[in-house]
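Some notes on the structure that comes next.
Everything numeric here is computed off the predicted structure, so don't read it as measured data.
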Amino acid sequence: MFIGEYNHGLDAKNRMIIPSKLREELGNKFILTKGLDGCLYAYPLNEWKILEEKLKSLPLTNKDARAFVRFFFSGATEIELDKQGRGLIPQNLLEYAKIEKEIVSIGVLTRVEIWSKDKWNEYNDENIDYDSLAEKMSDLGI
């Protein structure tokens, strides 16, 4: 399980150092793809396989399902870390997430979300009513 928030940055070659606590769970190879809310999602290979199977089961006849699968898989790439724990983020993913230099990585159960520091701060400044959100989650049985 991934937890925590980590601040770090890109080096001059667009490589991101994966924090060691996240690296332990992600492994030396993982899948990086476009995420929701303008961030990137990083999945360990075993979690990616589980997600792949779920998405394969979506009906091909459903337009929204096709669009979501296209979005998710078109941006996906396998990242392999070097000995220093750095991985090269492709330019298309950097542009999608508006990452220029500073990064915030957060652990979210089965994945790591990688945010531009500015976008992460923006997201947190949106004054989310967590009490109301918790109430809605309780309606879902959480």
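Contact check for Lys117 versus Asn121: side-chain heavy atoms found under the 4.5 Å cut-off. Between Ile99 and Leu93, every side-chain heavy-atom pair lies at or beyond the 4.5 Å cut-off. You'll find the side chain of Leu94 stays beyond 4.5 Å of the side chain of Glu100, heavy atoms only. Between Ile31 and Ile79 there is no side-chain heavy-atom pair separated by less than 4.5 Å.
Here the rule is ring-ring contact (aromatic ring centres under 6.0 Å, His included) with Trp115, and of Tyr96, Tyr41, Tyr123 only Tyr123 fits it.
Ile3 and Leu26 fall into different hydrophobic clusters, defined by Ile, Leu, Val, Met, Phe, Trp and Tyr side-chain heavy atoms under 4.5 Å apart, directly or through other members. Linking ILVMFWY residues whenever their side-chain heavy atoms come closer than 4.5 Å, directly or via other members, places Phe73 and Ile114 in the same cluster.
A pairwise comparison of heavy atoms in Ile89 and Leu40 identifies CG2-CD1, 4.2 Å as the closest pair. When every heavy atom of Glu25 is checked against every heavy atom of Met1, the shortest pair comes out as OE1-N, 3.9 Å. Heavy-atom minimum distance, Ala65 versus Pro59: CB-O, 3.7 Å. Considering all non-hydrogen atoms of both residues, Ser116 and Ala97 come closest at CB-O, 3.5 Å. Residue Gln91 comes nearest to Asn14 through the heavy atom pair OE1-ND2, 3.3 Å, listed as atom of the first residue, atom of the second, then distance.
Ring geometry for Phe72 against Tyr43 counts as perpendicular: the plane angle is over 60°, on a 0 to 90° scale with 30° as the lower cut.
Atom CD of Glu78 is separated from atom CG of Leu32 by 11.5 Å, given to the nearest 0.5 angstrom. Taken to the nearest 0.5 Å, the CZ atom of Phe30 stands 9.5 Å off from the CG atom of Leu22. The line from OG1 of Thr33 to CG of Leu51 is 9.0 Å long, rounded to the nearest 0.5 Å. Distance check, rounded to the nearest 0.5 Å: CG of Leu81 to CD1 of Ile17 gives 10.5 Å.
Evaluation of the ring-ring contact (aromatic ring centres under 6.0 Å, His included) rule for Tyr6 yields no partner, not counting sequence neighbours.
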Show every donor-acceptor pair shorter than 3.5 Å between a side-chain atom in residues 102-112 and any protein atom, with sequence neighbours excluded, or say none if there are none.
| residue | atom | partner | partner atom | Å |
| --- | --- | --- | --- | --- |
| Ser105 | OG | His8 | NE2 | 2.8 |
| Arg111 | NE | Glu113 | OE2 | 3.2 |
| Arg111 | NH2 | Glu113 | OE2 | 2.8 |

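In Leu58, the CG atom is crowded: over 12 heavy atoms of neighbouring residues, nucleotides or ligands sit closer than 6.0 Å. Heavy atoms of other residues, nucleotides or ligands lying less than 6.0 angstrom from CD of Glu135 number 12 at most.
Side-chain atoms of Arg23 come within 3.5 Å of backbone atoms of Ile18 as a donor-acceptor pair (strictly under, hydrogens ignored). No side-chain donor-acceptor contact under 3.5 Å links Lys119 to the backbone of Gly38.
Listed by first and then second residue, the salt bridge (charged side-chain N to carboxylate O under 4.0 Å, His left out) pairs that reach into residues 27-55 are Lys49-Glu52, Glu53-Lys56, sequence neighbours excluded.
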**Message:** Set out, in order, the CA-CA distance, both residues' side-chain angles and the distance that settles side chain to side chain contact (heavy atoms under 4.5 Å, CB included) for Asn7 and Trp120, then state yes or no.
**Reply:** CA-CA 11 Å; Asn7 290 280; Trp120 177 245; 5.8 Å; no
